[in-house]
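FYI, the numbering just counts along the sequence from 1.
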Amino acid sequence: MKIIGNYIYTIIKGFIIGASMLVPGFSGGTMAMILGIYDKLIASLSGILTFSKNENYISKNKLNFLFLIFFCAGSVLGMVIISKPLSNLIEKYYTVSSFFFMGAALGGFNTVYNKTKSYKFDFLSIVYILLGAAIVYLISIIPEGFFSSGGNRSETFMYFILVVAGLIVAIAMILPGISVSYMFLLLGIYKETIDAVHNLYFPYLIPLAIGSILGVVLTTKLLEYWMEHYVKSSYLIISGFVLGSIIQVFPGLPKGIEWALCPIMFLAAYFLIRLLQRFDPDNR
């Protein structure tokens, strides 16, 4: 019963993380850290990508595989259920929603930056943060609509483009502090992806998923090593990415009643994330 309970809990956590990945400002990796499941996710991914004939290792790998299956099931469920309501909310209240997402991102920034507090803040630290922000800028100058399925493009080329987009988004799936939804926004395919998830449009989702899986396989080991051996630089760069993303998604100045609603939603999101961080063992 305890094992079944653990898997049910894994599905619930996966649901929350999956839903959070569709919200600009919420990082799936950061949410995993908040829920105390991030280290297990990385260890499980790393484990199934390492091959060994040792019986103990094979047994442990089976548990890792089951954990990832239940986690992914919860994540997919969360994305499918939340996609349409979220899409409607953003369409009707774009500016107010954007301020909410910005507040959430700023609240998540605290989780990432806390990882560097034990290190001295110096000139090089500023360089790392600026490097992270520069990465966001480079992504933002990709020609608008380049990853979009519209235009006079062959189906084969569009499938290739979606695979490439999946490879890029995969990094955001692994790194805490980098929002998957922000990445979709910066690539210009956020609305298309939300609609595809809600409608289960597999011709769009399958190449995107293939690219994402390839990205995870190709980068998990590298990112795990980087974050373990270069803690300060990695988390400072991620901090810069978060700050740069907030700037890029800024919708412009509010209008009318939005002047009252936007600050309220911004602060509400910020303090909501800070409250959730109390459940993160690393922040206790």
Side-chain angles (χ1 to χ4, degrees), residues 1-24 26-50 57-87 108 162-163 165-176 178-184 189-190 192-221 223-224 276 279-281:
M1 288 297 293
K2 183 178 180 181
I3 295 177
I4 295 175
N6 287 338
Y7 285 136
I8 292 175
Y9 199 43
T10 298
I11 292 174
I12 294 172
K13 287 186 175 183
F15 181 94
I16 296 172
I17 293 169
S20 73
M21 287 195 295
L22 294 177
V23 180
F26 281 81
S27 161
T30 298
M31 187 59 71
M33 292 178 69
I34 291 171
L35 296 176
I37 202 174
Y38 180 77
D39 289 342
K40 190 172 182 180
L41 272 173
I42 294 297
S44 296
L45 283 169
S46 179
I48 64 173
L49 294 176
T50 303
Y57 182 83
I58 292 174
S59 177
K60 185 178 180 180
N61 229 16
K62 288 180 180 178
L63 293 176
N64 287 337
F65 183 74
L66 282 174
F67 167 78
L68 291 173
I69 289 295
F70 282 102
F71 174 81
C72 289
S75 297
V76 171
L77 193 61
M79 287 188 285
V80 170
I81 291 177
I82 203 71
S83 60
K84 192 60 178 180
L86 181 63
S87 178
L162 287 171
V163 170
L167 283 167
I168 296 173
V169 170
I171 299 176
M173 292 180 179
I174 299 172
L175 284 176
I178 300 181
S179 169
V180 172
S181 47
Y182 262 141
M183 193 67 76
F184 282 133
I189 59 172
Y190 179 76
E192 287 180 86
T193 303
I194 290 288
D195 291 340
V197 169
H198 175 71
N199 297 315
L200 295 178
Y201 184 57
F202 293 109
Y204 182 98
L205 294 175
I206 289 176
L208 191 65
I210 291 173
S212 299
I213 292 170
L214 285 174
V216 169
V217 170
L218 294 173
T219 59
T220 295
K221 286 287 186 180
L223 292 174
E224 182 184 33
L276 288 174
F279 294 96
D280 182 359

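Distance check, rounded to the nearest 0.5 Å: CD1 of Ile210 to CG of Leu162 gives 10.0 Å. Distance check: Thr193 OG1 to Leu205 CG gives 8.0 Å after rounding to the nearest 0.5 Å. Atom CZ of Phe71 sits about 4.5 Å away from atom CG of Leu41, to the nearest 0.5 Å. To the nearest 0.5 Å, the span separating CD1 on Ile42 from CD1 on Ile37 amounts to 11.5 Å. To the nearest 0.5 angstrom, Phe67 atom CZ is 9.0 Å from Cys72 atom SG. In this structure, the separation between CG on Leu77 and CD1 on Ile12 is 11.0 Å, given to the nearest 0.5 Å.
The two residues Asn64 and Ser44 come nearest to each other via the heavy atoms OD1-OG, 3.4 Å. Ser212 and Ala170 make their closest contact through O-CB, 3.4 Å (heavy atoms, listed as atom of the first residue, atom of the second, distance). Taking each heavy atom of Ala196 and Tyr204 in turn, the nearest pair found is CB-CD2, 3.5 Å.
In this structure, Phe65 and Ile69 have side chains that are in contact, with non-hydrogen atoms separated by less than 4.5 Å. Residues Leu200 and Phe202 have side chains in contact (heavy-atom distance under 4.5 Å, counting atoms from C-beta outward). Within the 4.5 Å cutoff, no side-chain heavy atoms of Leu208 are placed close to those of Val163.
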